[in-house]
There are 2 protein chains.
Amino acid sequence: MESDPPSQPVDELELAVGLARIRTMMRLLDVPRDLSITSLSTLANLERLGPRRLTELAAMEGVTQPAMTQLVSRLEREELAERRPDPSDGRAVVVAVTQHGRAELARRRAVQAKRLAELLAEVPAADRAAIAAALPALERLAARAHGLADSPAPVPEVSE
Amino acid sequence: MESDPPSQPVDELELAVGLARIRTMMRLLDVPRDLSITSLSTLANLERLGPRRLTELAAMEGVTQPAMTQLVSRLEREELAERRPDPSDGRAVVVAVTQHGRAELARRRAVQAKRLAELLAEVPAADRAAIAAALPALERLAARAHGLADSPAPVPEVSE
DNA sequence: TAACTTATATCACCATCTTATGTATATGGT
DNA sequence: ACCATATACATAAGATGGTGATATAAGTTA
């Protein structure tokens with residue numbers, strides 16, 4: 001759907017190395033340890049995309065369905081998310097983030113943002129600019145990996 | 001095209017969100033599951049920085065020392081890394097990546113690079129360019145988080 | 001309605017982390 | 001030189017979060 005000129009200016013191998021380091025960096029920036037990475041990522045997806053089926057969430061996170069069942073149970077126990085029946089399918093469960101879940105996400109992001117700001121302050125201004133410029137592109141890249149990304153209807157979301 | 005020294009043009013909150021998604025993306029791109037994320041990150045650090053003390057590695061990865069002891073034992077069992085005595089300190093252990101470890105790293109990176117290339121092909125060329133342009137900046141940012149980064153002498157490394 | 005598929009849950013097991021603690025080697029004050 | 005303390009790593013026991021196999025209930029198809 002969009003372009004692929006002759007040359008690709010990206011060294012994918014170097015990108016793989018760099019993004020792996022970013023991954024480690026984010027792990028180090030993480031707020032203590034009371035919620036797993038996968039749980040947080042799932043919460044973030046729910047916030048971004050709206051309520052989703054359990055199986056769908058499992059696929060997005062690249063974990064098995066039983067793992068997602070347990071993960072959602074944990075989220076529910078802490079009232080960060082909730083299960084709802086699917087009116088169109090009695091077998092299915094629709095998972096939605098709660099207000100508390102949103103607040104928790106915001107809280108953690110604020111902490112990470114603060115730490116990121118400290119790191120950013122240590123690199124050249126040109127680096128900050130390059131990172132800021134690439135951020136939307138990185139988001140779009142990440143969206144591709146989700147398989148579904150933002151596409152399947154963001155859903156207005158019923159407030160709780 | 002960029003640069004604005006005084007103000008910092010980075011929305012750290014948005015960056016936290018974006019990099020969290022990149023983190024999830026990298027998890028999805030990961031080669032199956034026979035080596036943990038921390039193990040891979042440790043191997044990569046050893047390759048990049050040269051042999052390091054166990055405790056130092058633990059700090060870099062943000063895990064406890066016992067966790068690193070076990071992790072290194074696993075790496076050693078698979079001959080991806082090895083323990084060496086520290087001539088200057090009888091208590092200490094110096095961990096080094098092996099040839100096999102390097103090869104394994106290269107293999108995995110090649111797979112990830114291939115998958116990244118597929119994703120990159122789906123985004124606009126301008127996005128690829130922006131990402132390529134930001135990559136060195138991202139590496140430098142990640143280096144900051146390591147605490148030690150590339151600074152403490154890259155060490156020539158004795159070949160095995 | 002029987003046979004099959006699909007969505008989720010449950011179970012037993014495994015990997016990897018944590019905290020608490022043990023052991024050996026350094027190091028510093030006397 | 002010696003004892004007290006600190007440091008580097010190892011070990012043990014428990015928690016957490018994943019996996020594969022399988023159960024259950026609800027849709028789907030013929």
Side-chain angles (χ1 to χ4, degrees), chain A residues 23-24 26-46 51-78 80-96 147-148 152, chain B residues 23-24 26-43 45-46 51-78 80-96 148 152:
Chain A
R23 191 182 177 186
T24 298
M26 291 305 286
R27 175 154 46 83
L28 293 174
L29 291 190
D30 240 351
V31 183
R33 303 201 146 275
D34 40 322
L35 219 49
S36 77
I37 310 153
T38 314
S39 297
L40 280 172
S41 177
T42 300
L43 265 191
N45 274 331
L46 287 174
R52 282 291 183 280
R53 289 242 182 120
L54 208 146
T55 307
E56 212 173 330
L57 294 172
M60 286 196 291
E61 296 299 330
V63 300
T64 59
Q65 169 266 310
M68 186 52 67
T69 290
Q70 299 174 65
L71 191 160
V72 169
S73 296
R74 289 194 298 272
L75 290 179
E76 212 169 21
R77 189 165 358 99
E78 309 213 11
L80 299 167
E82 60 183 15
R83 284 179 167 92
R84 299 173 184 172
D86 184 338
S88 71
D89 189 336
R91 301 164 300 175
V93 161
V94 172
V95 184
L148 355 109
Chain B
R23 190 181 178 188
T24 298
M26 290 306 284
R27 176 155 45 84
L28 293 175
L29 290 190
D30 240 352
V31 183
R33 303 199 147 278
D34 38 324
L35 221 48
S36 79
I37 309 153
T38 315
S39 297
L40 280 173
S41 178
T42 301
L43 266 191
N45 274 333
L46 287 174
R52 282 292 181 278
R53 289 241 183 123
L54 207 145
T55 307
E56 211 173 331
L57 294 172
M60 286 197 289
E61 296 298 330
V63 299
T64 60
Q65 170 266 310
M68 187 54 66
T69 290
Q70 298 173 48
L71 191 160
V72 168
S73 296
R74 290 194 298 274
L75 290 179
E76 213 168 21
R77 189 163 0 98
E78 310 213 11
L80 298 168
E82 59 181 18
R83 283 180 168 91
R84 299 173 183 173
D86 184 336
S88 70
D89 188 335
R91 302 164 298 174
V93 159
V94 172
V95 184
L148 354 107

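Convention: sequence-line order gives letters A, B, ...; per-chain numbering from 1.
dT8(C) atom P lies 13 Å from atom CD of E76(A), rounded to whole Å. In this structure, CZ of R52(B) is placed 13 Å from P of dC9(D), rounded to the nearest angstrom. Between R77(B) atom CZ and dA15(C) atom C1' there is a gap of 11 Å when expressed in whole angstrom units. Computed from coordinates, the I37(B) CD1 to dG17(D) P distance equals 14 Å when rounded to whole Å. L35(B) has its CG atom 16 Å from the C1' atom of dC17(C), to the nearest Å. Taking atom CZ of R84(B) as the reference point, atom P of dC9(D) lies 15 Å away to the nearest angstrom. If you take CG of D86(B) and P of dA26(C), they are 9 Å apart, rounded to a whole angstrom. Residue E61(A) contributes atom CD, which lies 11 Å from atom P of dT19(D) at whole-angstrom precision.
Between R83(B) and dA10(D), a side-chain N or O to OP1/OP2 separation shorter than 4.0 Å is present. An OP1 or OP2 oxygen of dC17(C) is reached within less than 4.0 angstrom by a side-chain nitrogen or oxygen of R74(B). Remark: T55(A) is in phosphate contact with dT8(C), judged by side-chain N or O atoms under 4.0 Å from OP1 or OP2.
The residue T38(A) sits close only to the backbone: its heavy atoms come under 4.0 Å of sugar-phosphate atoms, none of a base. T69(B) comes within contact range of at least one nucleobase, with a heavy-atom separation under 4.0 Å.
Applying the salt bridge (charged side-chain N to carboxylate O under 4.0 Å, His left out) rule to pairs touching residues 58-74 of chain A yields E61(A)-R27(B), sequence neighbours excluded.
Evaluation of the salt bridge (charged side-chain N to carboxylate O under 4.0 Å, His left out) rule for E76(A) yields R83(A) as partners, not counting sequence neighbours. For the side-chain hydrogen bond (donor to acceptor under 3.5 Å, both in side chains) test, residues two or more places apart in sequence or in another chain that qualify with Q65(A) are T69(A). Residues satisfying the side-chain hydrogen bond (donor to acceptor under 3.5 Å, both in side chains) test with T24(A), not counting sequence neighbours, are S41(B). Applying the side-chain contact (heavy atoms from CB on, under 4.5 Å) test to E78(B) and every residue at least two apart in sequence or in another chain returns L80(B). Applying the side-chain hydrogen bond (donor to acceptor under 3.5 Å, both in side chains) criterion to R91(A), with sequence neighbours excluded, gives D89(A). For T55(A), the side-chain contact (heavy atoms from CB on, under 4.5 Å) test picks out no residue, with sequence neighbours left out.
We find the CZ-CE distance between R53(B) and M68(B) to be 15.0 Å, quoted to the nearest 0.5 Å. Atom CD1 of I37(B) is separated from atom CG of L40(B) by 8.5 Å, given to the nearest 0.5 angstrom.
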**Fill in**
In 5'-to-3' order, the base (B), backbone-only (S) or no-contact (-) status of each nucleotide in nucleotides 20-30 of chain D, using a 4.0 angstrom heavy-atom cut-off, is BB---BBS---
Pull out every protein N or O sitting under 3.5 Å from an N or O of nucleotides 2-4 of chain C, one pair per line with the distance.
none

